[in-house]
Participant: 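Take this structure, written in structure tokens, and hold onto it; I'll ask about it next.
Atoms within each ligand, like the ligands themselves, are counted from 1 in listed order. Only a predicted model underlies this, so the values are computations on that prediction, with no experimental measurement involved.
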Amino acid sequence: MRVGVMGGTFDPIHIGHLVAASEVAHRFALDRVVFVPTGQPWQKSDRHVSAPEDRYLMTVIATAADDRFSVSRVDVDRDGPTYTVDTLRDIRTECGEDHDFHFITGADALGEILSWREPDEVLRLAHLVGVTRPGHVLADPGLAPGRVTLLEIPALAISSSDIRARVARGEPIRYLVTPGVEAYIAKVGLYAG
Ligand code: NAP
């Protein structure tokens, strides 16, 4: 079984994330993709991040209609900052160790890999796939040839920060997120200015 592990803050999850997961699943012949919303995000004390439970529920709502997609609570339920090495160990425990794991995330986040906890172990546990928006310079961090792939995803022109700003300004987010996520944001009052 080839398993994608899609790590992100998902505040909120948007269409670009879904397209990216689908595209990586196609390119790497993945059988399924497990979305893993972060718990307490690492290095993000500079901005307010929505409650893990809200980000988890939006991720469940957004992925519900796709048989290939599921959502794991491993990062949401773990105390302390989220480190990818813990994510991958817990997912291996949850899914079984005899799978081929691909950790998918934003290329910007991947660029910080040298500062991640136990980077060698992260690279041993999974192939890394950095997805990026158009215009972003695809700079290979120069790590472990064959263990890191960078992929441009045009739909990632959509960003969570832009969606939060649009909600705060009272602008529409229809078609940028799934209808269920749009309804959840309105119901809970997330990102209101
Ligand atoms: P971030 O800094 O919030 O995001 C950086 C960029 O990547 C943003 O442009 C973001 O766009 C994009 N991005 C993030 N996740 C993505 C995804 N799954 N697919 C496509 N684009 C994505 O990054 P983050 O969300 O905090 O962290 C991403 C993952 O890396 C998480 O699983 C996190 O735990 C892990 N990480 C681990 C460590 C560590 O182990 N020490 C350090 C940093 C990150 P959007 O805002 O539109 O998503």
Participant: Using a strict 4.0 Å threshold on nitrogen-to-oxygen distance, state whether Asp31 and Arg68 make a salt bridge.
Facilitator: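 Not counted as a salt bridge, because no side-chain N and carboxylate O are separated by less than 4.0 Å.
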Participant: With heavy-atom distances below 4.0 Å as the criterion, list the atoms of ligand 1 near His14.
Facilitator: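 Numbered from 1, ligand 1 contributes 47 (O).
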Participant: Answer yes or no: are there more than 12 heavy-atom neighbours, outside Arg174 itself, under 6.0 Å from its atom CZ?
Facilitator: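 Check fails, neighbour count at 12 or below.
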Participant: Test salt bridge (Lys or Arg N to Asp or Glu O under 4.0 Å) on Arg133 and Glu152 and set out the steps.
Facilitator: CA-CA 6 Å; Arg133 41 188 56 101; Glu152 184 175 291; over 6 Å; no
Participant: So is Ser160 polar-close to ligand 1, meaning N/O to N/O under 3.5 Å?
Facilitator: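 The answer is yes, given that Ser160 and ligand 1 share an N or O pair closer than 3.5 Å.
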Participant: Counting only heavy atoms closer than 4.0 Å, does ligand 1 sit against the backbone of Thr9, its side chain, both, or neither?
Facilitator: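 Near ligand 1, Thr9 shows its backbone as well as its side chain.
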Participant: Does Thr38, backbone or side chain, put an N or O under 3.5 Å from an N or O of ligand 1?
Facilitator: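 Looking only at distances, the answer is no, because the N/O contact criterion of under 3.5 Å is not met.
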Participant: Give the contacting part of Thr84 toward ligand 1: side chain, backbone, both or neither, where contact means a heavy-atom distance below 4.0 Å.
Facilitator: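 The answer is both, backbone and side chain.
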Participant: In terms of side-chain geometry, is the basic nitrogen of Arg89 or Glu118 positioned less than 4.0 Å from the acidic oxygen of its partner?
Facilitator: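 Glu118 and Arg89: salt-bridged.
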Participant: Would you mind telling me if ligand 1 is within reach of the side chain of Phe103, the backbone, both or neither, using heavy atoms under 4.0 Å?
Facilitator: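 It is the side chain that touches ligand 1; the backbone stays farther off.
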Participant: Short N/O distance, under 3.5 Å, between Ser159 and ligand 1?
Facilitator: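 No; every N/O pair is 3.5 Å or more apart.
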Participant: Using the rule given for salt bridge (Lys or Arg N to Asp or Glu O under 4.0 Å), can you reason through Asp100 versus Arg2, listing the C-alpha separation, both sets of side-chain angles and the distance that settles it, and then say yes or no?
Facilitator: CA-CA 5 Å; Asp100 189 2; Arg2 294 168 66 81; 2.9 Å; yes
Participant: Ring-plane angle category for Phe10 and His17, please: parallel below 30°, perpendicular beyond 60°, tilted otherwise.
Facilitator: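 Perpendicular: the ring planes of Phe10 and His17 meet at over 60°.
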Participant: A cation-pi test, strictly: NZ or CZ of Arg73 under 6.0 Å from the centre of the six-membered ring of Tyr56 and no more than 45 degrees from its axis. Yes or no?
Facilitator: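 Geometry flag: set, cation within 6.0 Å and 45°.
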Participant: Nearest to atom 8 (C) of ligand 1 by heavy atom, Met6, Arg133, Arg117, Glu118: which?
Facilitator: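 Looking at heavy atoms only, the winner is Arg133.
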Participant: Ignoring angles and geometry beyond distance, decide whether His17 reaches within less than 3.5 Å of ligand 1 through its nitrogen or oxygen atoms.
Facilitator: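 In this structure, His17 places an N or O atom under 3.5 Å from an N or O of ligand 1.
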Participant: Could you tell me whether some N/O pair between Gly7 and ligand 1 is separated by less than 3.5 angstrom?
Facilitator: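 Yes; at least one N/O pair falls below 3.5 Å.
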Participant: Numbering the atoms of ligand 1 from 1, which are under 4.0 Å from a heavy atom of Thr82?
Facilitator: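 So the atoms of ligand 1 that pass are 34 (O).
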Participant: If you count the atoms of ligand 1 from 1 in the order shown, which ones are under 4.0 Å from a heavy atom of Val131?
Facilitator: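 Atoms satisfying the 4.0 Å criterion: 19 (N), 20 (C).
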Participant: Testing the basics here: between Arg147 and Leu125, what is the closest heavy-atom pair and its distance to 0.1 Å?
Facilitator: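 Shortest heavy-atom contact: NH2-C, 4.4 Å.
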